[in-house]
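Structure, as structure tokens:
Note that the structure is predicted; figures quoted are calculated from it, not measured.
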Amino acid sequence: MKILFLDQSGKPGGAELCLIDIAKPYRDSCLVGLFVDGAFRQLLEQQQIPVEVLATEAIKVRKESSLIQSLSSVTALLPLIAKVAQKARQYDLIYANTQKALVVGALASFFSRRPLVYHLHDILSTDHFSPTNLKVAVTLANRFASLVIANSKASQAAFLAAGGRSDIIDVVYNGFEPEVYQSDRSHISQLKTQLELEGQFIVGHFSRLSPWKGQHILIEALTDCPKDVTAIFVGDALFGEHDYVQQLHKQVAELGLADRVKFLGFRSDIPQLMAICDLVAHTSTAPEPFGRVIVEAMLCGKPIVAAQSGGAIELIEPGINGFLVPPGQPHQLAEIINTCHDRPEYTIAIAQSAQEMATRRFHQTNIDRQIAHLLSRTFT
Ligand code: UDP
């Protein structure tokens, strides 16, 4: 099957990392069309996945855009839509991986008469989007997509609640290659030394820096934890949330936590960094559509505590394969950190059963099979 994948981003967020895995089995007969250049293109090239930057100008529409802004940006998109429609004629289907890719893909699908798949990596609610953008996404998906793949039941439920068609949507979780998450012991101690973290109880937070990802909740929680508890924040402000970054640094200084918090920026060695952690914390204050980091921590054999909302609820059974705390509650988060700190045998056993479960449930081979099945069921 020849697939034209579309993604609006040049930066490797969760949706983009997932797309790399989805596109791999199709690398001999697909193209990933991007709307902007960036590190994501290089990652695709490293995996020998054909990629081309299709847009010549940045697309300005934002998640919170009004109707007028959205309409004027559609006008600005016309050359890109024409280019995608022309490319699409060489492929069997268009696979839109993000919201702006859906807008372009839907119209290109109409002009090129190629079917459209929409991979929904978002919770389509007003927590994340303006009412206008919600309406545009659901209307286009209902009208043009033959198949919508939601990355969790939470994303599926939000799509249906926003008026999405139930006959076109299926859930497929993100897939992972478990081998990637194995690290050797000597590397772990080297990295700890390099980061000056020996003897610390390390809580890792792996996410772009953004208010709804809730880094501030973990910082606040540290004030209720013993002094050997240190947090590492891995990730950058991918979408211009620089005020929030400043706010985080201010919070650390005001709480006197400068020697217990490290910001490591965007990193590509996530499995190695997770391997040095004693606990991984996921603190989103709005529902997380899926939460790749949760599964990654499990695959690394690390205990995970996550905010009890969105996709996280589908991934974690509290006390069995991880811990859940109400979103935005630093004191309750601190209680879990302290339990993990004080009862390592108990939490290590939970992490081990999570690792076994995640290896089976999210294995890339199973996920590839599910996607191939949906595509062949819908298009042959
Ligand atoms: N990630 C990364 N480098 C970083 C921070 C995060 O590669 O410095 C990865 C992380 O391991 C995960 C993805 O980015 O695979 C984030 O996905 P998630 O579903 O957790 O959140 P999203 O970015 O999609 O909101």
Inset, instruction - For the residue pair Thr283 and Leu333, establish whether any side-chain heavy-atom pair is separated by less than 4.5 Å. - result: yes
Inset, instruction - For side chain to side chain contact (heavy atoms under 4.5 Å, CB included), just list the numbers for Leu197 and Thr230, CA-CA rounded to whole Å, side-chain angles, deciding distance to a tenth of an Å, and then say yes or no. - result: CA-CA 8 Å; Leu197 288 167; Thr230 293; 3.6 Å; yes
Inset, instruction - Over all heavy atoms of both residues, which pair between Gln355 and Cys300 is shortest? Give the atoms and the distance, please. - result: NE2-C, 3.9 Å
Inset, instruction - Take Asp224 and His331 through the test side-chain hydrogen bond (donor to acceptor under 3.5 Å, both in side chains) and record every step on the way to the result. - result: CA-CA 7 Å; Asp224 285 337; His331 299 299; 2.5 Å; yes
Legend entry - Residues in side-chain hydrogen bond (donor to acceptor under 3.5 Å, both in side chains) contact with Gln251, at least two apart in sequence or another chain: none
Inset, instruction - Measure the shortest side-chain to side-chain distance between Leu195 and Leu273 over non-hydrogen atoms and say whether it is less than 4.5 angstrom. - result: yes
Legend entry - Over all atoms of both residues, closest heavy-atom pair of Asn321 and Leu315: ND2-O, 3.2 Å
Legend entry - Check: Asn142/Arg165 side-chain N/O donor and acceptor closer than 3.5 Å: no
Legend entry - The single option from Leu264, Leu209, Asp269 passing side chain to side chain contact (heavy atoms under 4.5 Å, CB included) against Val234: Leu264
Inset, instruction - Determine the sole option in Gln47, Gln42, Arg41 for which the side chain to side chain donor-acceptor pair (under 3.5 Å) test with Glu45 is passed. - result: Arg41
Legend entry - Tyr91 six-ring face occupied by Lys2 cation (under 6.0 Å, within 45°): yes
Inset, instruction - Please check if any side-chain donor atom of Asp122 sits under 3.5 Å from a side-chain acceptor atom of His128, or the reverse. - result: no
Inset, instruction - Kindly give the heavy-atom pair with the smallest separation between Ile20 and Ile49, and that separation in Å. - result: O-CD1, 3.5 Å
Legend entry - Gap between atom CZ of Arg89 and atom CZ of Phe111 - 0.5 Å precision: 10.0 Å
Inset, instruction - State whether a side-chain donor-acceptor pair under 3.5 Å links Asn366 with Gln370. - result: no
Inset, instruction - Check whether any side-chain N or O of Gln329 sits under 3.5 Å from a backbone N or O of Val325 as a donor-acceptor pair, and report yes or no. - result: no
Inset, instruction - Compare all side-chain heavy atoms of Ile232 with those of His205 and state whether any distance is below 4.5 angstrom. - result: no
Inset, instruction - Only counting residues at least two apart or in another chain, list the ones meeting ring-ring contact (aromatic ring centres under 6.0 Å, His included) with Tyr244. - result: His216
Inset, instruction - Keeping the roles fixed (side chain from Thr359, backbone from Pro178), state whether a donor-acceptor pair exists under 3.5 Å. - result: no
Inset, instruction - Answer yes or no: is there a donor N or O on one side and an acceptor on the other, between the side chain of Ser109 and the main chain of Pro115, under 3.5 Å? - result: no
Legend entry - Heavy-atom donor-acceptor pair, Asp278 side chain to Ile202 backbone, under 3.5 Å: yes
Inset, instruction - Nearest 0.5 Å please: distance from the CG atom of Leu4 over to the OH atom of Tyr26. - result: 14.5 Å
Inset, instruction - Report yes or no: does Asn174 contribute a side-chain atom to a donor-acceptor pair with the main-chain N or O of Leu19 at less than 3.5 Å? - result: no
Inset, instruction - Following the transitive rule for hydrophobic clusters with a side-chain heavy-atom cut-off under 4.5 Å over Ile, Leu, Val, Met, Phe, Trp and Tyr, establish whether Phe362 and Ile304 coincide in one cluster. - result: yes
Legend entry - Electrostatic pair Asp170:Arg377 at N-O distance under 4.0 angstrom: yes
Inset, instruction - Please name the pair of heavy atoms, one in Ser9 and one in Glu16, separated by the smallest distance, quoted to 0.1 Å. - result: CB-OE2, 3.4 Å
Legend entry - Test side chain to side chain contact (heavy atoms under 4.5 Å, CB included) applied to Lys153 and Tyr173, step by step: CA-CA 9 Å; Lys153 291 181 189 156; Tyr173 291 126; 4.1 Å; yes
Inset, instruction - Look at the side chain of Thr378 and the backbone N and O of Leu375, then say whether any donor-acceptor pair between them is shorter than 3.5 Å. - result: no
Legend entry - Pairwise distance CD(Gln48) to CZ(Arg27) - rounded to 0.5 angstrom: 6.0 Å
Inset, instruction - Answer yes if Val148 and Leu374 sit in the same cluster of Ile, Leu, Val, Met, Phe, Trp and Tyr residues linked by side chain heavy atoms under 4.5 Å apart, and no otherwise. - result: no
Legend entry - Spacing of CD belonging to Glu220 relative to CG belonging to Leu255, to within rounding of 0.5 Å: 6.5 Å
Legend entry - Cluster link Phe35 to Ile3, ILVMFWY, side chain under 4.5 Å: no
Name each donor-acceptor pair under 3.5 Å that joins a side chain in residues 77-87 to protein atoms two or more places apart or in another chain, with its distance.
residue, atom, partner, partner atom, Å
Lys83, NZ, Leu54, O, 3.2
Lys87, NZ, Glu52, OE1, 3.3

Legend entry - pair Cys340-Tyr346: side-chain heavy atoms closer than 4.5 Å: no
Inset, instruction - Just do the salt bridge (Lys or Arg N to Asp or Glu O under 4.0 Å) check on Asp236 and Arg267 with the steps written out, would you? - result: CA-CA 9 Å; Asp236 209 347; Arg267 304 271 299 222; over 6 Å; no
Inset, instruction - Side-chain contact test, heavy atoms from C-beta onward, threshold under 4.5 Å: evaluate it for Pro330 versus Ile219 and give yes or no. - result: no
Inset, instruction - Report yes or no: does Gln200 contribute a side-chain atom to a donor-acceptor pair with the main-chain N or O of Val229 at less than 3.5 Å? - result: no
Legend entry - Joint hydrophobic cluster, Ile313 plus Trp212, side-chain heavy atoms closer than 4.5 Å: no
Legend entry - Closest approach of Gly10 to Val36 (non-hydrogen atoms, all atoms of both residues): N-CG1, 3.1 Å
Inset, instruction - Would you please test Ile22 and Phe5 for side chain to side chain contact (heavy atoms under 4.5 Å, CB included) and show each step? - result: CA-CA 10 Å; Ile22 289 174; Phe5 294 100; 4.0 Å; yes
Inset, instruction - Describe, in one word, how the ring planes of His249 and Phe263 are oriented to each other, choosing from parallel (under 30°), tilted (30 to 60°) and perpendicular (over 60°). - result: tilted
Legend entry - Rounded distance [0.5 Å steps], CG in Asp37 versus NZ in Lys11: 12.0 Å
Legend entry - Main-chain N/O of Ala88 paired with Ser112 side-chain donor or acceptor, under 3.5 Å: no
Legend entry - Salt bridge flag under 4.0 Å for residues Lys213 and Glu288: yes
Inset, instruction - Please tell me if the side chains of Leu218 and Phe233 come closer than 4.5 Å, counting only heavy atoms from C-beta onward. - result: yes
Legend entry - Flag for His121-Asn97: side-chain donor and acceptor within less than 3.5 Å: yes
Legend entry - Leu257 vs Thr223 side-chain heavy atoms within contact, under 4.5 Å: yes
Inset, instruction - Determine, stepwise, if the pair Arg114 / Leu93 fulfils side chain to side chain contact (heavy atoms under 4.5 Å, CB included). - result: CA-CA 5 Å; Arg114 291 296 181 275; Leu93 65 95; 5.7 Å; no
Legend entry - Shortest non-hydrogen separation from Pro327 to Ser284 and the atoms involved: CB-O, 3.7 Å
Inset, instruction - Describe, in one word, how the ring planes of Tyr181 and Phe176 are oriented to each other, choosing from parallel (under 30°), tilted (30 to 60°) and perpendicular (over 60°). - result: perpendicular
Inset, instruction - Following the transitive rule for hydrophobic clusters with a side-chain heavy-atom cut-off under 4.5 Å over Ile, Leu, Val, Met, Phe, Trp and Tyr, establish whether Val180 and Ile270 coincide in one cluster. - result: yes
Inset, instruction - Check whether any side-chain N or O of Gln272 sits under 3.5 Å from a backbone N or O of Leu191 as a donor-acceptor pair, and report yes or no. - result: no
Inset, instruction - Look at Glu356 together with Arg360 and state whether they make a salt bridge at an N to O cut-off of under 4.0 Å. - result: no
Legend entry - Non-hydrogen side-chain atoms of Arg260 and Cys225 separated by less than 4.5 Å: yes
